[in-house]
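Only one structure is covered here, and it is reproduced in the block below.
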Amino acid sequence: MTAAALAAALALSLAAGCTSGPGPADDGRGTDRPPSRADTGTGAAAGRVLAVKIDNVRAARPQTGLDAADVVYVEQVEGGLSRLMAVYATRLPRTVGPVRSARESDLELLRQFDRPVLAFSGAQGRLLPLIDKEPLEAVTPKDAENAYHRDTDRPSPHNLYLRPGRLLPSAPGEAALTTGFRYGPGPDGGAPAASYTVRYPSAGFRFTWSQERRGWEVTTDGAPTVTADGRRLAPATVVVQYVNVRRSDYHDALGNHTPYTETVGSGRAEVLRDGRSHDVRWQRPTAADGTRFTTRDGEPVAFAEGQVWVVFAQRS
């Protein structure tokens with residue numbers, strides 16, 4: 001590569017990731033990143049949770065492995081679309097994906113865990129050095145090529161998949177979920193809720209209570225959210241956490257600035273469990289802390305046993 005071509009490629013990687021297709025053009029392939037973690041293999045030790053960034057545009061669905069996650073975080077990305085971060089502690093599925101790129105907000109969110117393993121496809125060039133400074137194990141296809149594969153039946157960039165068993169020897173266990181969440185009987189009160197809707201500028205979610213499944217069936221952008229084998233996702237608890245979503249300094253190739261979701265602070269949230277909606281408060285003093293949810297009287301709020309979805313929504 002000539003010096004001029006190299007300079008041009010570097011300038012492009014600083015502006016945004018290097019992909020195209022529906023959704024944010026930010027897969028991260030082609031960005032320069034020192035293979036610092038490849039020198040010692042994946043290095044992922046037992047006792048760490050696995051967090052995977054998962055694509056959530058229409059072309060990426062149905063996803064694989066979401067039903068095995070202990071916690072699924074939903075965040076807004078460029079263009080008002082949504083993206084997921086699935087956290088695994090109690091079991092590891094055989095395959096997870098499609099895997100996509102990381103965001104600046106993820107670093108704050110992941111500080112609550114003890115050196116988590118973050119699996120992602122890449123990131124904007126200016127963000128990569130920040131990721132490398134974080135207390136986490138960042139693993140892209142460049143770091144652990146044998147842990148990823150591409151599905152030739154799907155279009156790129158919505159076809160990158162992870163084999164978690166090649167990053168972690170086993171699931172670390174429930175103790176690794178240092179989220180601050182409590183599980184047990186639900187709080188008193190609350191209002192009966194057949195469904196609850198959350199809208200982003202270009203995406204939407206509806207959670208509908210299923211008494212038979214004892215969970216909230218998920219609808220994304222008007223379509224049932226199912227696993228790769230056709231089973232409807234129905235988390236036991238859904239938290240709609242109202243936060244500040246501001247513009248960050250990063251943007252994609254089209255100039256769309258990345259939203260930054262602030263997960264440190266306090267505010268209100270709706271906790272959906274057992275067919276009821278509870279108006280609660282959330283508090284996370286620092287990035288190293290988990291998030292506490294309490295009633296208006298200050299009593300801790302417990303979640304139902306099972307999967308938890310946390311949807312970050314713009315506070316009004």
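Note that the coordinates shown come from a computational prediction; the quantities given were computed from them, not determined experimentally.
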Rounded to the nearest 0.5 Å, what's the gap from [atom1] on [X] to [atom2] on [Y]? Could you check?
X: Asp279; Y: Arg296; atom1: CG; atom2: CZ; result: 4.5 Å
X: Asn159; Y: Arg150; atom1: CG; atom2: CZ; result: 5.0 Å
X: Phe303; Y: Leu272; atom1: CZ; atom2: CG; result: 10.0 Å
X: Ser101; Y: Lys53; atom1: OG; atom2: NZ; result: 6.5 Å
X: Ile131; Y: Leu118; atom1: CD1; atom2: CG; result: 6.5 Å

For a quick test of reading the model, state the closest non-hydrogen atom pair linking [X] to [Y] and the distance between them.
X: Leu50; Y: Pro164; result: CD2-CB, 3.7 Å
X: Arg83; Y: Asn56; result: CA-CB, 4.1 Å
X: Arg231; Y: Asp67; result: NH2-OD2, 2.7 Å
X: Glu104; Y: Leu127; result: N-CD2, 3.6 Å
X: Asn146; Y: Arg163; result: O-NH1, 3.6 Å
X: Leu167; Y: Leu162; result: CD1-CD1, 3.6 Å

Can you give the donor-acceptor pairs under 3.5 Å from side chains of residues 195-202 to other protein atoms, not counting sequence neighbours?
from	atom 1	to	atom 2	distance (Å)
Tyr196	OH	Tyr242	OH	2.8
Tyr200	OH	Val74	O	3.4
Tyr200	OH	Phe312	O	2.6
Ser202	OG	Gly79	O	2.7

Tell me, please, which residues at least two apart from Glu174 pass side-chain contact (heavy atoms from CB on, under 4.5 Å). Thr90
Parallel, tilted or perpendicular: which one describes the rings of Tyr161 and His149, with boundaries at 30° and 60°? parallel
Output yes when a side-chain donor or acceptor of [X] lies under 3.5 Å from a complementary backbone atom of [Y], and no otherwise.
X: Asp55; Y: Ala60; result: no
X: Arg281; Y: Gly298; result: no
X: Arg284; Y: Ala287; result: yes

Pairwise side-chain contact, [X] with [Y], heavy-atom cut-off 4.5 Å (strictly under):
X: Val238; Y: Phe205; answer: no
X: Val239; Y: Phe181; answer: no
X: Thr263; Y: Thr291; answer: no
X: Asp106; Y: Phe120; answer: no
X: Gln63; Y: Val226; answer: no

Please say yes or no: joined through hydrophobic side-chain contacts below 4.5 Å, possibly via intermediate residues, are Leu110 and Tyr260 part of one cluster? no
Applying the 4.5 Å side-chain criterion to the ILVMFWY set and letting contacts propagate, would Val71 and Val271 be lumped into a single cluster? yes
Taking everything shown except Arg154 itself, do over 12 heavy atoms lie less than 6.0 Å from its CZ? yes
Side chains of Asp229 and Thr227: do they bring a donor and an acceptor to under 3.5 Å? yes
Testing the 3.5 Å rule here: is there a donor-acceptor pair between the side chains of Gln112 and Thr178? no
With sequence neighbours excluded, what pairs up with Trp282 under the ring-ring contact (aromatic ring centres under 6.0 Å, His included) test? none
